[in-house]
Amino acid sequence: MGRFHRHADGTTHTHEHADVGDHHGYETGPLRVEVLAHILGENDRTAAANRADFDAAGVRTVNLMSSPGAGKTALLERTLEHLGDRLRIGIVEGDIETSLDADRLRDRAAAVSLLNTADGFGGECHLDATMVRAALPALPLAELDLVVVENVGNLVCPAEFTVGEHARAMVFSPTEGEDKPYKYPVMFRSVELVVLNKVDLLPHLDVDLDRFHAALADVHPGVRTLQVSARTGEGVEAWCDWLLEVTRRPAGGPP
Amino acid sequence: MHELSLCQSIAGIVRTHAAGRPVARVHVQVGHLRQVVPDTLAWCWTWSTDGSDLAGSVLDIEEVPVAVHCPTCDAHTVLHEPAFRCGSCGSTGVRVTAGEELLVTSLELQER
């Protein structure tokens with residue numbers, strides 16, 4: 001008794017077997033290999049190596065995300081004004097193009113490492129752990145207390161890639177609309193703090209902050225929020241207090 | 001989001017586990033919280049493996065809905081929209097139990 005095969009190349013043949021009973025599916029059925037591997041496992045392993053380097057140097061790292069133009073760099077400029085004397089802060093500046101943001105921060109930061117993700121006309125939409133690892137040699141970690149990774153402005157991809165941070169925060173500006181938590185739930189769920197920037201604009205806008213907070217409460221119940229204006233300085237002290245609290249956290253990262 | 005680079009990661013995992021044996025089918029789990037477009041992932045798999053040792057292998061995508069567990073009333077709720085609360089008692093103190101998967105679960109090798 002044999003078993004008929006057709007191969008991908010069209011050839012056919014039969015196997016002749018001695019009578020060994022019913023072994024249907026054994027000799028010729030597909031062999032299944034159990035795997036159970038995380039598809040982003042390589043990024044997660046590199047992120048763990050980054051975090052180990054930060055921990056060894058006594059540095060804590062914040063991954064700061066937002067849409068383009070929400071005010072990450074402006075907030076960091078204010079942050080360096082407020083904390084520059086108290087904390088030695090290194091910045092990893094992720095930008096698709098240009099050193100414009102890095103140039104704004106260079107005077108007051110202890111160190112800035114610029115990561116352009118492209119070479120002229122657009123590029124990566126997020127920083128991953130390998131890119132941040134490449135930025136680390138430009139940062140004297142042993143001389144720093146805090147590293148802020150300013151991610152590429154984007155509410156989708158950065159949420160998926162841990163870079164080895166100890167805490168994740170995002171900047172949101174009210175001009176983006178109240179419903180954004182529903183449209184980008186993964187981003188809004190990935191952070192422990194949402195910084196509502198540009199609150200000095202609120203008197204000029206139709207935006208309903210109660211609706212924003214209701215959407216945020218649906219998507220990420222209990223997430224902390226702060227209202228700030230990087231332009232006027234309102235609320236920046238509370239944001240800096242949060243950064244100081246992060247620097248006092250034990251080694252290791254968020255889940 | 002990054003369906004093409006995900007396919008490259010999947011191919012790396014597949015090659016490691018297949019150890020040179022021809023692969024017929026790759027089973028992956030993609031949770032609804034992973035911002036992955038399944039059709040795009042399958043399409044990227046087809047053309048990114050074309051001409052390689054994995055050409056002709058099928059990417060079998062199992063989509064995993066978002067589910068939460070409520071520690072207050074012990075109910076499990078499958079979510080169809082991003083409002084993270086218990087479907088039974090309304091508590092927001094729920095824990096996500098499914099929907100964040102992004103896994104290669106198994107391979108089927110070609111018959112020799």
Side-chain angles (χ1 to χ4, degrees), chain A residues 3-9 11-13 15 25-46 124-126 128 130-131 154-161 179-190 214-223 255, chain B residues 1-3 5-19 21-37 41 55-58 66 68 79 81-86 90-96 99-112:
Chain A
R3 189 168 170 82
F4 180 77
H5 293 260
R6 182 184 302 278
H7 288 265
D9 62 5
T11 60
T12 58
H13 67 113
H15 288 278
Y26 170 72
E27 182 82 0
T28 58
L31 175 59
R32 198 176 180 92
V33 179
E34 298 300 324
V35 178
L36 277 185
H38 286 273
I39 294 170
L40 293 177
E42 191 63 38
N43 184 73
D44 293 346
R45 283 187 286 278
T46 306
E124 272 286 14
C125 47
H126 67 280
D128 65 19
T130 303
M131 288 186 250
N154 178 352
L155 290 182
V156 181
C157 313
E160 297 283 353
F161 293 87
D179 51 359
K180 282 297 175 293
Y182 291 129
K183 296 184 176 178
Y184 303 96
V186 176
M187 172 59 76
F188 282 89
R189 285 184 59 77
S190 77
L216 187 59
D218 270 347
V219 167
H220 193 171
V223 66
Chain B
M1 51 144 201
H2 288 276
E3 285 76 7
S5 65
L6 292 179
C7 283
Q8 290 164 344
S9 298
I10 294 168
I13 292 166
V14 168
R15 289 194 176 97
T16 299
H17 286 83
R21 297 169 291 181
V23 175
R25 191 171 279 269
V26 178
H27 293 273
V28 298
Q29 277 185 352
V30 176
H32 283 173
L33 281 173
R34 296 319 292 245
Q35 308 186 103
V36 172
V37 183
L41 191 68
S57 62
V58 174
V66 181
V68 296
L79 302 184
E81 54 189 42
F84 287 75
R85 66 172 73 93
C86 175
S91 166
T92 55
V94 292
R95 190 173 60 85
V96 173
E100 294 181 324
E101 296 79 1
L102 194 55
L103 295 169
V104 178
T105 54
S106 65
L107 316 176
E108 287 172 29
L109 303 178
Q110 284 177 26
E111 33 183 287
R112 304 250 185 187

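Chain letters run A, B, ... following the sequence lines, proteins first, then strands; residues in each count from 1.
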* For the student: nearest non-hydrogen atoms of B:Pro82 and A:Val219, plus distance ->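 Here B:Pro82 and A:Val219 meet closest at O-CG2, 3.3 Å.
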
Would you mind reporting whether [Y] and [X] have side-chain heavy atoms less than 4.5 Å apart?
X: B:Leu103; Y: A:Ile39; answer: no
X: B:Leu102; Y: A:Leu40; answer: yes
X: A:Val33; Y: B:Arg21; answer: yes
X: A:Pro221; Y: B:Arg85; answer: no

* **Proximal component of B:Val96, with respect to chain A [non-hydrogen, under 4.5 Å]** =>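 The side chain, not the backbone.
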
* To do: Give the intermediate values and the outcome of side-chain contact (heavy atoms from CB on, under 4.5 Å) for residues A:Cys125 and B:His2.
  => CA-CA 10 Å; A:Cys125 47; B:His2 288 276; 3.2 Å; yes

* To do: Can you measure from CG (B:Leu33) to CZ (A:Arg189) and round to the nearest 0.5 angstrom?
  =>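 Result: 6.5 Å between the selected atoms.
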
* **CD on A:Glu34 to OG1 on B:Thr105, rounded to 0.5 Å** =>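 Interatomic distance, B:Thr105 OG1 to A:Glu34 CD, rounded to 0.5 Å: 7.5 Å.
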
* To do: For B:Gln35 and A:Glu160, indicate whether the former's side chain and the latter's backbone hold a donor-acceptor pair under 3.5 Å.
  =>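 Checking the backbone N and O of A:Glu160 against the side chain of B:Gln35, no donor-acceptor pair under 3.5 Å is found.
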
* To do: Quick one: list whatever passes salt bridge (Lys or Arg N to Asp or Glu O under 4.0 Å) with A:Glu42, sequence neighbours left out.
  =>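 A:Glu42: salt bridge (Lys or Arg N to Asp or Glu O under 4.0 Å) contacts with A:Arg45.
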
* Proximity breakdown for A:Ala215 and chain B, heavy-atom pairs closer than 4.5 Å ->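 Neither the backbone nor the side chain of A:Ala215 comes within 4.5 Å of chain B.
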
* Which region of A:His126, side chain (C-beta onward) or backbone (N, CA, C, O), has a non-hydrogen atom less than 4.5 Å from a non-hydrogen atom of chain B, or is it both or neither? ->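 For A:His126, side-chain heavy atoms alone lie under 4.5 Å from chain B.
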
Contacts table for residues 181-188 of chain A: side-chain donor-acceptor under 3.5 angstrom, sequence neighbours left out:
unit_1   : atom_1 : unit_2   : atom_2 : d
A:Tyr182 : OH     : A:Asp218 : OD2    : 2.5

